[in-house]
Amino acid sequence: MAAGPAVEVVAGCYEQVLLGFAALPAEPWTVVPDFTHHAHTASLSAVAVNNRYVVTGSRDETIQIYDMKKKVEHGALLQHNGTITCLEFYGTSHLLSGAEDGLICIWNTKRWECLKSIKAHKGHVTSISIHPSGKLALSVGTDKTLRTWNLVEGRPAFIKNLKQNAHIIKWSPDGERYVTVISNKVDIYRLDTASITGTITTEKRISSLRFITDSILAIAGDDETVRFYSCDSQKCLCEFKAHENRIKDIYSFEREGQHLIVTASSDGYIKVWNLDLNKIKDAPSLLCEVNTKARLTCLAVWLDQGSELKENCDKTATSSQANQDEKSSIVRKKKVCRTDRSDKTVKTDRKITPKKRKLETPLQKKKKKHSSSE
């Protein structure tokens with residue numbers, strides 16, 4: 001297609017299924033069901049993507065891996081006890097996972113081995129975010145703490161006590177600031193001072209937050225509205241009704257100079273929007289939508305890095321940085337092997353790689369059911 005390759009929207013739901021939709025960038029845009037996959041035995045709670053893989057976390061305590069290049073199931077990771085609450089890739093080399101067991105696990109994505117398992121919080125880990133450099137990560141949990149992690153050494157660097165439990169933490173794309181979300185309040189911090197520079201308060205609880213640029217936030221929550229805020233002035237730049245029910249997740253990315261936003265709602269709809277940053281006060285235009293008829297929980301967008309698509313939140317993680325990661329960032333291998341030797345058998349037993357199954361297209365699901373071990 002002359003307009004470029006499809007954008008793959010992936011979404012998790014309460015129905016224990018990973019849904020895939022191909023958003024075709026033509027005039028007009030169209031979105032069509034691409035695949036469904038029943039790998040979990042409980043509702044999906046988290047999803048993350050890099051340039052090859054989609055990973056999903058669930059209340060069944062497992063992380064499932066999908067190879068999007070080959071469209072096959074790649075295996076599963078069983079390191080956690082409790083619901084997987086958050087997943088985040090760093091480039092092509094590492095994955096961080098957090099769960100209700102209070103652990104943060106650092107995974108090598110070449111062999112899918114657990115390099116380090118850190119007891120990060122006394123309660124649940126609710127959110128993690130990796131600095132664009134790959135050298136730091138932030139986490140928040142139900143122990144009312146915000147923790148900074150030195151990923152080069154795989155150890156804690158700083159602990160900040162919070163007055164309440166935060167459920168979202170996020171670095172800005174340039175890594176110069178970060179935000180925490182506590183219920184309906186967003187606190188904005190600067191990295192150099194580690195102090196709050198401003199606060200944004202909304203009427204309803206915030207369910208999802210994304211940086212559109214280094215200084216503009218998209219915020220969605222327990223209503224039908226998406227709002228754009230300035231981190232500098234904390235003022236609302238624009239708000240628009242996106243759905244008929246509360247918004248569960250929001251995702252942003254760049255494609256050929258366009259700023260695109262994807263929203264998922266309890267009304268079952270996934271919608272793709274085009275945002276003109278030069279007219280930020282105007283509501284984005286709706287490009288396409290699809291009724292999934294599912295109770296959606298989480299959302300991500302897989303972009304084929306063979307084209308010139310680029311994730312907004314990971315634009316600093318280039319391929320050259322990814323190569324350096326193995327040498328310098330996110331836990332040096334020699335140190336991990338030495339410190340985690342006692343866990344070696346656990347790691348081996350807890351990684352399973354079943355027969356690689358193709359992701360089912362919705363129309364083929366019934367035909368292929370006999371060959372799929374649910």
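In summary, the side chains of Ser252 and His259 do not present any donor paired with an acceptor at a separation below 3.5 Å, with no hydrogens or angles considered. Side-chain contact check for Ser133 and His131: at least one donor-acceptor pair (N or O, by modelled atom type) lies under 3.5 Å. A side-chain donor from one of Asp187 and Thr199 sits under 3.5 Å from a side-chain acceptor of the other. Side-chain contact annotation: Thr202 with Asn184, donor-acceptor N/O pair under 3.5 Å absent.
Asp192 has no carboxylate O lying under 4.0 Å from a charged side-chain N of Arg177, or vice versa, which leaves the two without a salt bridge. Salt-bridge check for Arg111 with Glu113: passed, with a basic side-chain N closer than 4.0 Å to an acidic carboxylate O.
At least one donor-acceptor pair under 3.5 Å links the side chain of Ser208 to the backbone N or O of Ile250.
Interatomic distance, CG of Leu138 versus CD1 of Ile169, reported as 4.5 Å (0.5 Å rounding). Ile104 CD1 to Ile128 CD1: the interatomic distance, rounded to the nearest 0.5 Å, is 5.5 Å.
Grouping the Ile, Leu, Val, Met, Phe, Trp and Tyr side chains by contacts below 4.5 angstrom, directly or via other members, places Ile200 apart from Ile182.
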Q. Between Asp101 and Lys119, is a salt bridge (charged side-chain N to carboxylate O under 4.0 Å, His left out) present by the stated rule, with each step listed?
A. CA-CA 8 Å; Asp101 55 11; Lys119 181 61 178 175; over 6 Å; no
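The aromatic rings of Tyr178 and Tyr189 sit parallel, their planes meeting at an angle under 30°, below the 60° perpendicular limit.
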